[in-house]
Amino acid sequence: MIGNDVIDLEATRVQSNWKRPGLLEKLFTQEEREVINSHNSPEIMVWVLWSMKEAAYKIYNRQTKLRSFIPLQLICTIDVSCSTVIRGVVKCNGFIYATKTVLDGNLIHTIATVNIIDIEKIEEPENSNVIKDTSGIPYQLIENEMYPVSISHHGRFYKIVSLKYC
(Lines give C-alpha, C1' and ligand atoms only; values in the text may rest on other atoms or scores of the structure.)
Protein backbone atom coordinates (compact mmCIF):
# COMPACT_ATOMS: atom_id res chain seq x y z
CA MET A 1 0.00 0.00 0.00
CA ILE A 2 1.09 3.51 -0.77
CA GLY A 3 0.18 7.09 0.09
CA ASN A 4 1.68 10.41 -0.91
CA ASP A 5 1.29 14.09 -0.24
CA VAL A 6 2.70 17.11 -2.02
CA ILE A 7 2.97 20.65 -0.67
CA ASP A 8 3.71 23.83 -2.58
CA LEU A 9 5.40 26.11 -0.04
CA GLU A 10 4.55 29.23 -2.06
CA ALA A 11 0.87 28.29 -1.94
CA THR A 12 0.99 27.60 1.82
CA ARG A 13 2.39 31.06 2.43
CA VAL A 14 -0.66 32.55 0.72
CA GLN A 15 -3.33 30.07 1.89
CA SER A 16 -2.28 29.15 5.42
CA ASN A 17 -1.06 30.81 8.59
CA TRP A 18 0.73 28.05 10.48
CA LYS A 19 1.47 30.54 13.30
CA ARG A 20 -2.26 31.07 13.96
CA PRO A 21 -2.93 30.61 17.71
CA GLY A 22 -3.98 27.07 18.56
CA LEU A 23 -3.31 25.58 15.12
CA LEU A 24 -0.18 23.63 16.03
CA GLU A 25 -1.88 22.22 19.13
CA LYS A 26 -4.79 21.05 16.98
CA LEU A 27 -2.57 19.29 14.44
CA PHE A 28 0.56 18.13 16.25
CA THR A 29 1.43 16.24 19.42
CA GLN A 30 3.62 17.87 22.08
CA GLU A 31 6.63 15.88 20.82
CA GLU A 32 5.97 16.98 17.23
CA ARG A 33 5.69 20.61 18.32
CA GLU A 34 9.05 20.26 20.05
CA VAL A 35 10.56 19.00 16.77
CA ILE A 36 9.03 21.98 14.96
CA ASN A 37 10.25 24.52 17.52
CA SER A 38 13.79 23.11 17.64
CA HIS A 39 14.22 22.92 13.86
CA ASN A 40 16.30 25.60 12.12
CA SER A 41 13.28 26.25 9.85
CA PRO A 42 10.09 25.69 11.87
CA GLU A 43 7.91 26.53 8.83
CA ILE A 44 9.49 23.72 6.77
CA MET A 45 9.13 21.24 9.63
CA VAL A 46 5.43 22.10 10.05
CA TRP A 47 4.80 21.16 6.44
CA VAL A 48 7.09 18.11 6.50
CA LEU A 49 5.20 16.67 9.48
CA TRP A 50 1.83 17.58 7.96
CA SER A 51 2.85 15.92 4.70
CA MET A 52 3.90 12.77 6.58
CA LYS A 53 0.51 12.67 8.31
CA GLU A 54 -1.38 13.16 5.04
CA ALA A 55 0.57 10.48 3.16
CA ALA A 56 0.11 7.96 5.99
CA TYR A 57 -3.58 8.85 6.34
CA LYS A 58 -4.16 7.90 2.71
CA ILE A 59 -2.99 4.37 3.49
CA TYR A 60 -4.91 4.27 6.77
CA ASN A 61 -8.08 5.30 4.94
CA ARG A 62 -7.47 2.64 2.27
CA GLN A 63 -6.98 -0.02 4.97
CA THR A 64 -9.86 0.91 7.27
CA LYS A 65 -12.30 2.75 4.95
CA LEU A 66 -12.66 5.26 7.82
CA ARG A 67 -12.74 8.94 6.90
CA SER A 68 -12.20 11.33 9.75
CA PHE A 69 -10.04 14.24 10.84
CA ILE A 70 -7.49 12.58 13.17
CA PRO A 71 -4.18 14.49 12.97
CA LEU A 72 -3.32 13.88 16.64
CA GLN A 73 -3.73 10.12 16.14
CA LEU A 74 -1.16 10.20 13.32
CA ILE A 75 2.06 10.38 15.32
CA CYS A 76 5.24 11.27 13.43
CA THR A 77 8.81 10.38 14.27
CA ILE A 78 11.81 11.55 12.25
CA ASP A 79 14.46 8.83 11.93
CA VAL A 80 17.00 10.33 9.52
CA SER A 81 17.19 13.86 8.21
CA CYS A 82 19.43 15.72 5.82
CA SER A 83 18.89 18.90 3.83
CA THR A 84 16.89 17.24 1.03
CA VAL A 85 15.55 13.90 2.36
CA ILE A 86 13.80 13.06 5.62
CA ARG A 87 12.94 9.49 6.57
CA GLY A 88 10.47 8.77 9.31
CA VAL A 89 7.60 6.74 10.68
CA VAL A 90 3.95 7.55 11.28
CA LYS A 91 1.96 5.49 13.78
CA CYS A 92 -1.82 5.48 13.86
CA ASN A 93 -4.08 3.26 15.96
CA GLY A 94 -1.78 0.24 15.81
CA PHE A 95 -0.69 0.75 12.19
CA ILE A 96 2.87 1.79 11.29
CA TYR A 97 3.88 3.53 8.07
CA ALA A 98 7.37 4.24 6.74
CA THR A 99 7.82 7.66 5.13
CA LYS A 100 10.31 9.38 2.88
CA THR A 101 10.05 13.12 2.33
CA VAL A 102 11.93 14.93 -0.41
CA LEU A 103 12.55 18.69 -0.15
CA ASP A 104 13.17 20.38 -3.49
CA GLY A 105 12.96 24.16 -3.49
CA ASN A 106 9.31 25.01 -2.85
CA LEU A 107 8.19 21.37 -3.15
CA ILE A 108 7.72 18.99 -0.25
CA HIS A 109 6.79 15.48 -1.38
CA THR A 110 6.19 12.61 1.05
CA ILE A 111 5.55 9.00 0.19
CA ALA A 112 4.37 6.48 2.76
CA THR A 113 4.29 2.71 2.59
CA VAL A 114 3.28 -0.12 4.88
CA ASN A 115 6.61 -1.93 4.43
CA ILE A 116 9.84 0.04 4.74
CA ILE A 117 11.41 -1.91 1.86
CA ASP A 118 8.68 -0.61 -0.45
CA ILE A 119 9.89 3.00 0.02
CA GLU A 120 12.52 2.38 -2.67
CA LYS A 121 9.99 0.73 -5.02
CA ILE A 122 8.06 3.90 -5.82
CA GLU A 123 7.42 5.07 -9.34
CA GLU A 124 5.51 7.88 -10.96
CA PRO A 125 3.58 6.06 -13.67
CA GLU A 126 3.50 7.54 -17.16
CA ASN A 127 0.20 5.87 -17.98
CA SER A 128 -2.17 7.63 -15.65
CA ASN A 129 -5.32 5.65 -16.47
CA VAL A 130 -6.71 6.21 -12.97
CA ILE A 131 -10.11 5.01 -11.81
CA LYS A 132 -11.67 5.24 -8.35
CA ASP A 133 -13.61 2.59 -6.49
CA THR A 134 -16.94 3.23 -4.78
CA SER A 135 -15.09 4.63 -1.75
CA GLY A 136 -13.19 7.11 -3.93
CA ILE A 137 -9.89 5.24 -3.57
CA PRO A 138 -7.70 5.55 -6.71
CA TYR A 139 -6.32 2.69 -8.77
CA GLN A 140 -4.44 2.52 -12.03
CA LEU A 141 -5.96 0.22 -14.64
CA ILE A 142 -3.31 -1.76 -16.51
CA GLU A 143 -4.40 -4.57 -18.85
CA ASN A 144 -7.69 -4.99 -16.96
CA GLU A 145 -5.89 -5.23 -13.58
CA MET A 146 -6.31 -2.61 -10.85
CA TYR A 147 -3.17 -1.47 -9.02
CA PRO A 148 -3.24 0.96 -6.06
CA VAL A 149 -1.99 4.49 -6.70
CA SER A 150 -1.90 7.63 -4.62
CA ILE A 151 -2.71 11.04 -6.01
CA SER A 152 -1.81 14.40 -4.49
CA HIS A 153 -1.90 17.96 -5.75
CA HIS A 154 -1.32 21.33 -4.18
CA GLY A 155 -0.60 24.66 -5.78
CA ARG A 156 1.62 24.11 -8.81
CA PHE A 157 2.42 20.47 -8.03
CA TYR A 158 0.69 17.20 -8.90
CA LYS A 159 2.03 13.73 -8.10
CA ILE A 160 0.68 10.27 -8.81
CA VAL A 161 2.72 7.42 -7.38
CA SER A 162 2.53 3.64 -7.30
CA LEU A 163 4.62 0.68 -6.28
CA LYS A 164 6.65 -1.04 -9.00
CA TYR A 165 5.00 -4.39 -9.66
CA CYS A 166 7.75 -6.10 -11.65
K.L.:
To the nearest 0.5 Å, what is the distance between OH on Tyr147 and CD1 on Ile2?
P.N.:
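The OH atom of Tyr147 sits 15.0 Å away from the CD1 atom of Ile2.
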
K.L.:
I'd like to know whether NZ of Lys19 has more than 12 heavy-atom contacts from other residues, nucleotides or ligands below 6.0 angstrom.
P.N.:
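No, not enclosed.
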
K.L.:
Is any side-chain N of the basic residue among Glu32 and Lys53 closer than 4.0 Å to the acidic one's carboxylate O?
P.N.:
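Here Glu32 pairs with Lys53 in a salt bridge, since their nearest N and O are under 4.0 Å apart.
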
K.L.:
Got Ile96 and Val89 here, is their nearest side-chain heavy-atom distance under 4.5 Å?
P.N.:
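Yes - at least one pair of side-chain heavy atoms lies under 4.5 Å apart.
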
K.L.:
Is there a side-chain contact between Trp50 and Trp18 (heavy atoms, below 4.5 Å)?
P.N.:
no

K.L.:
Would you say the side-chain atoms of Asp5 and His109 include a donor-acceptor pair closer than 3.5 Å?
P.N.:
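Absent: no donor and acceptor within the cut-off.
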
K.L.:
Could you tell me whether the side chains of Thr113 and Asp118 share a donor-acceptor contact shorter than 3.5 Å?
P.N.:
no

K.L.:
Is the backbone of Lys100 close enough, under 3.5 Å, to the side chain of Arg87 for a donor and an acceptor to pair up by distance?
P.N.:
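The answer is no, because no donor-acceptor pair under 3.5 Å joins these two groups.
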
K.L.:
More than 12 non-hydrogen atoms from neighbouring residues, nucleotides or ligands closer than 6.0 Å to CD1 on Ile122, yes or no?
P.N.:
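Yes, CD1 of Ile122 has more than 12 neighbouring heavy atoms, counting only those of other groups under 6.0 Å.
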
K.L.:
Ignoring hydrogens and angles, tell me if any N or O in the side chain of Asn61 forms a donor-acceptor pair with the backbone of Tyr57 under 3.5 Å.
P.N.:
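Such a contact is absent between Asn61 side chain and Tyr57 backbone.
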
K.L.:
Measuring from Phe69:CZ to Leu74:CG, what's the distance to the nearest 0.5 Å?
P.N.:
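So the gap between those two atoms works out to 10.0 Å.
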
K.L.:
Can you tell me how far OG of Ser152 sits from CZ of Phe157, rounded to the nearest 0.5 angstrom?
P.N.:
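The OG atom of Ser152 is 11.5 Å from CZ of Phe157, to the nearest 0.5 Å.
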
K.L.:
Could you state the interatomic distance from CD1 (Ile111) to CD (Glu124), rounded to the nearest 0.5 Å?
P.N.:
9.0 Å

K.L.:
Test your reading of the model: is there a side-chain donor-acceptor pair from Thr12 to the backbone of Leu9, 3.5 Å cut-off?
P.N.:
yes

K.L.:
Keeping Thr64 on the side-chain end and Leu66 on the backbone end, is there a donor-acceptor pair under 3.5 Å?
P.N.:
yes

K.L.:
Any side-chain to backbone donor/acceptor pair from Lys58 onto Asn4? Under 3.5 Å, distance only.
P.N.:
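A pair under 3.5 Å: yes.
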
K.L.:
Nearest 0.5 Å please: distance from the NZ atom of Lys159 over to the NE2 atom of His153.
P.N.:
14.0 Å

K.L.:
With rounding to the nearest 0.5 Å, note down the distance linking NE2 in His39 to CD1 in Ile78.
P.N.:
8.0 Å

K.L.:
With no hydrogens and no angle check, is any side-chain donor or acceptor of Asp104 less than 3.5 Å from a backbone partner on Leu107?
P.N.:
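Here the side-chain-to-backbone pair does not exist.
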
K.L.:
Out of the candidates Arg156, Gln15, His154, only one should pair with Asp8 under the side-chain hydrogen bond (donor to acceptor under 3.5 Å, both in side chains) rule; please name it.
P.N.:
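Among Arg156, Gln15, His154, the one meeting side-chain hydrogen bond (donor to acceptor under 3.5 Å, both in side chains) with Asp8 is Arg156.
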
K.L.:
Within the 3.5 Å criterion, strictly below it, is a donor on Gln63 or Tyr97 matched to an acceptor on the partner's side chain?
P.N.:
yes

K.L.:
Give a yes or no on this: more than 12 heavy atoms of other residues, nucleotides or ligands lie within 6.0 Å of atom CZ of Arg67.
P.N.:
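Check fails, neighbour count at 12 or below.
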
